[in-house]
Amino acid sequence: MGGLTAAVVALPLALAFAIASGVDPKAGLYTAIVAGGVAALFGGSPVQITGPTGAMAVILLGIVAKYGIEKVWLAGVMAGLIQIALGVAKLGRLVKFIPYPVTAGFTNGIAIIIFCGQLNNFLGLTLPRTEHFLPGLWQTLHHLSEGHWSSIAIATVVIVTKLLWAKLRTPIPGSLVGLVLATLLVSGLHLDVPTIGSIPQALPMPHGIPHWQDFGLIQELINPALALAALGSIESLLSAVVADGMTVSEKHDSDRELIGQGIANMVVPFFGGIPATGAIARTAVNIRSGGKTRLSGIIHSLVLLLIVLLLAPLAARIPLAALAGILMVTSLRMLEWEAIGLLMRATYADFAVMVLTWAVTICFDLVLAVEVGLIAAGVLFIKRMSELSMGKIPETEAFPPGIPLELGKQIAVYRVDGPMFFGAAERFVTFLRDEPEVRYLILRMRFVPNMDTTGLVALEDIYHDLKRRGCQLLLSGLQPEVKQLLERTGLLERIGVENCFDSTDAAVRSLTSQLFCELPSPSRQKNSEKITV
């Protein structure tokens with residue numbers, strides 16, 4: 001059911017993201033079929049669904065406009081080789097060091113680019129594609145008065161259908177319903193609107209990659225290949241991390257995931273497809289529909305192949321305006337409104353990093369945006385570290401060796417030392433997820449001087465993870481700056497003010513008293529001497 005539902009969701013999105021990439025819609029289907037199956041077999045996430053995505057469409061649009069589809073195939077093979085090399089070198093975990101404001105910034109930038117990039121098809125215009133986003137947007141706005149009302153009406157029908165259908169809570173995706181409805185309207189009313197054209201009723205046989213022996217061209221394509229590899233790696237690993245947070249099954253192997261995505265991107269150009277990444281939305285649908293193993297990703301590819309073999313002729317009449325409507329709604333949902341609000345409430349510096357990354361993504365390109373965002377976050381971190389004051393911890397306050405300190409079988413205490421920033425967030429999460437089953441976990445945070453937004457999100461992930469396992473989280477010794485951050489963002493309220501203590505002794509005393517009261521009367525008398533602080 002997970003693979004079947006993911007395939008139904010992927011069908012319109014594969015067509016739409018191919019159009020957004022500046023290639024034939026059939027390339028999107030071939031990508032979802034081939035890359036989806038290969039990545040499911042060789043990737044490091046058991047529930048990841050791979051295919052065309054909005055992030056990759058944004059960067060592919062410029063590359064296709066500048067080089068053409070045949071050279072994009074060569075760049076895709078090169079990108080796959082780079083991803084495999086990154087996986088073999090065990091560099092998969094590096095993506096976890098990307099700060100939260102940077103990922104939020106380029107995700108929001110991608111959403112804006114996708115939305116504005118579909119105005120051309122929304123209006124029914126056939127303007128030539130441009131290499132960069134802003135000139136293309138200006139060109140479309142210049143011809144705004146030339147829009148066709150029939151295309152606008154079809155796109156509006158799809159948008160309204162997709163928005164209203166979501167309220168019905170049915171497994172059938174609203175994008176597919178809107179696509180079918182728009183196609184029926186165009187055919188029934190004989191509307192003169194641009195359509196996607198015919199799709200062959202077969203998966204193309206493997207073909208050669210042109211120009212692969214041209215060393216000069218390979219040198220020219222190295223920058224696009226690096227961009228595709230970097231974006232494909234970041235997007236896929238972020239999607240795998242999201243999948244880990246939605247399931248209690250096997251967690252992903254980041255290095256293997258890079259190798260699997262690299263193999264997929266090496267293979268798919270030989271079938272006429274485009275570079276792909278792990279797709280967060282389709283992966284989430286797969287998990288929610290029951291997908292737990294690689295079999296769901298393989299079923300997703302086989303169902304799409306079956307659709308191509310049986311229903312491809314019907315796709316000829318799908319209007320481009322319908323795909324534009326699907327992408328516009330998708331892009332609006334990509335906007336991370338919660339991230340914007342969280343960063344505004346957290347620190348102005350992190351919010352500024354997000355806005356900077358956002359602006360560079362829109363005005364220049366995605367890879368430069370990530371570079372600028374990382375530099376800004378690094379400078380900000382250095383500034384934060386330079387403001388810290390250091391002092392010796394008195395021996396009376398130091399914990400004895402042997403962290404974690406096990407108090408009985410139901411309480412575990414951990415000491416957290418140092419700032420919780422984006423560089424330490426992943427280690428913090430991984431360390432605590434390895435904790436054996438206990439009922440109560442106390443975090444002693446007296447020596448955590450500050451925390452950035454990425455550390456905040458990591459703490460919230462830990463809270464939800466422990467809650468799912470039936471374990472209660474308690475905090476002790478919060479510094480004023482950290483406590484104010486938790487209060488401003490509402491996390492302290494979710495954890496519970498009653499679960500925050502001035503000292504670890506107070507937290508342990510409260511818990512042991514509670515556990516003592518829960519013991520049966522004979523056991524309480526027998527264990528009265530053992531339950532001490």
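When a residue number appears, it is its place in the shown sequence, counting from 1. Just so you know, these numbers come straight off a predicted model, no measurement behind them. Only this structure's heavy atoms are used, side chains among them; waters, hydrogens and symmetry mates stay out.
- Counting heavy atoms from C-beta on, the side chains of Trp358 and Ile112 come closer than 4.5 Å.
- Scored by the salt bridge (Lys or Arg N to Asp or Glu O under 4.0 Å) test, Glu336 finds no partners at all (sequence neighbours excluded).
- Rounding to the nearest 0.5 Å places CG of Leu485 at 10.5 Å from CG of Leu492.
- Between Asn121 and Ala324, the shortest heavy-atom distance links the atoms CB-CB, 3.7 Å.
- Considering only residues two or more places apart in sequence or on other chains, Leu310 meets the side chain to side chain contact (heavy atoms under 4.5 Å, CB included) condition with Leu306.
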For a side chain to side chain contact (heavy atoms under 4.5 Å, CB included) check, start with the C-alpha distance between Val268 and Val38, then their side-chain angles and the critical distance, and finish with the verdict. CA-CA 9 Å; Val268 75; Val38 172; over 6 Å; no
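- Proximity of a side-chain donor or acceptor of Tyr463 to a complementary backbone N or O of Arg494 within less than 3.5 Å is detected.
- In this structure, CE in Met334 is found 10.0 Å from CG in Leu327, a value given to the nearest 0.5 Å.
- Taking the side chain as every heavy atom from C-beta outward, Ile154 and Val186 approach each other to under 4.5 Å.
- Annotation: Glu493, atom CD; neighbour count of heavy atoms from other residues, nucleotides and ligands within 6.0 Å does not exceed 12.
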Mind running side chain to side chain contact (heavy atoms under 4.5 Å, CB included) on Leu41 and Ile298 for me, showing each step along the way? CA-CA 7 Å; Leu41 279 172; Ile298 296 171; 3.6 Å; yes
Are Thr489 and Glu460 close enough, and set up right, to give a side chain to side chain contact (heavy atoms under 4.5 Å, CB included), and what steps lead you there? CA-CA 11 Å; Thr489 55; Glu460 186 167 13; over 6 Å; no
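- Contact detail for Leu137 and Cys116: the closest heavy-atom pair is CD1-CB, 3.8 Å.
- In the displayed structure, Arg288 atom CZ is contacted under 6.0 Å by at most 12 heavy atoms of other residues, nucleotides or ligands.
- For Pro25, the side chain to side chain contact (heavy atoms under 4.5 Å, CB included) criterion is met by Leu15, Ile19, Ile196, not counting sequence neighbours.
- A distance of 7.5 Å separates CE in Met205 from CZ in Phe271, rounded to the nearest 0.5 Å.
- Considering CG of Leu295 and CD1 of Ile299, their distance stands at 4.0 Å, rounded to 0.5 Å.
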For side chain to side chain contact (heavy atoms under 4.5 Å, CB included), just list the numbers for Leu486 and Leu475, CA-CA rounded to whole Å, side-chain angles, deciding distance to a tenth of an Å, and then say yes or no. CA-CA 11 Å; Leu486 298 181; Leu475 306 177; 4.1 Å; yes
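- A distance-only check finds a donor-acceptor pair linking the side chain of Lys251 to the backbone of Asp244 [under 3.5 Å].
- Side-chain atoms of Arg294 come within 3.5 Å of backbone atoms of Gly43 as a donor-acceptor pair (strictly under, hydrogens ignored).
- Residue pairs meeting the side-chain hydrogen bond (donor to acceptor under 3.5 Å, both in side chains) criterion with at least one member in residues 183-198, sequence neighbours excluded, do not occur.
- Once rounded to the nearest 0.5 Å, the distance linking CG of Leu231 with OG of Ser236 reads 8.5 Å.
- Residue-environment remark: CZ (Arg256) exceeds the threshold of 12 foreign heavy atoms within 6.0 Å.
- By the side chain to side chain contact (heavy atoms under 4.5 Å, CB included) test, Leu60 is found to be paired with Ser21, Met56, Val72, Leu228, Ile274, Pro275, residues two or more places apart in sequence or in another chain being considered.
- Within the 4.5 Å cutoff, side-chain heavy atoms of Pro101 are placed close to those of Thr454.
- Of all heavy-atom pairs spanning Ala346 and Thr453, the tightest one is CB-OG1, 3.8 Å.
- For the pair Ile234/Phe106, a side-chain contact is recorded, criterion being any heavy-atom separation below 4.5 Å from C-beta on.
- Checking side-chain atoms of Thr107 against main-chain N and O of Ala104 turns up no donor-acceptor pair under 3.5 Å.
- Taking 4.5 Å as the limit, some side-chain heavy atom of Asn108 sits within range of a side-chain heavy atom of Met354.
- Atom CG of Leu86 and atom OG of Ser254 lie 11.0 Å apart (nearest 0.5 Å).
- Of all non-hydrogen atoms in Gly44 and Glu257, the two that sit nearest each other are N-OE1, 2.7 Å.
- Looking only at side-chain heavy atoms (C-beta outward), Arg345 and Leu342 come within less than 4.5 Å of each other.
- Considering only heavy atoms from C-beta on, Thr361 comes within 4.5 Å of Ile113 through its side chain.
- Judged purely by atom type and a 3.5 angstrom limit, Thr156 uses its side chain to pair as donor or acceptor with the backbone of Ile152.
- Minimum heavy-atom separation, Ala202 to Tyr30: O-OH, 3.6 Å.
- Residues Leu473 and Cys471 are not in side-chain contact: their nearest non-hydrogen atoms beyond the backbone lie 4.5 Å or more apart.
- Side-chain atoms of Trp165 do not come within 3.5 Å of backbone N or O of Leu176 as any donor-acceptor pair.
- Across Val360, Val102, Val353, a single residue satisfies side-chain contact (heavy atoms from CB on, under 4.5 Å) together with Val372, and that is Val360.
- Checked by atom type and distance alone, the side chain of Asp365 pairs as donor or acceptor with a backbone atom of Leu368 at under 3.5 Å.
- Note on residues 263-287: pairs passing side-chain hydrogen bond (donor to acceptor under 3.5 Å, both in side chains), not counting sequence neighbours, are Gln48-Thr283, Thr53-Thr277, Gln83-Asn265, Asn286-Ser296.
- In terms of heavy atoms, Ala264 sits closest to Ala35 at CB-O, 3.8 Å.
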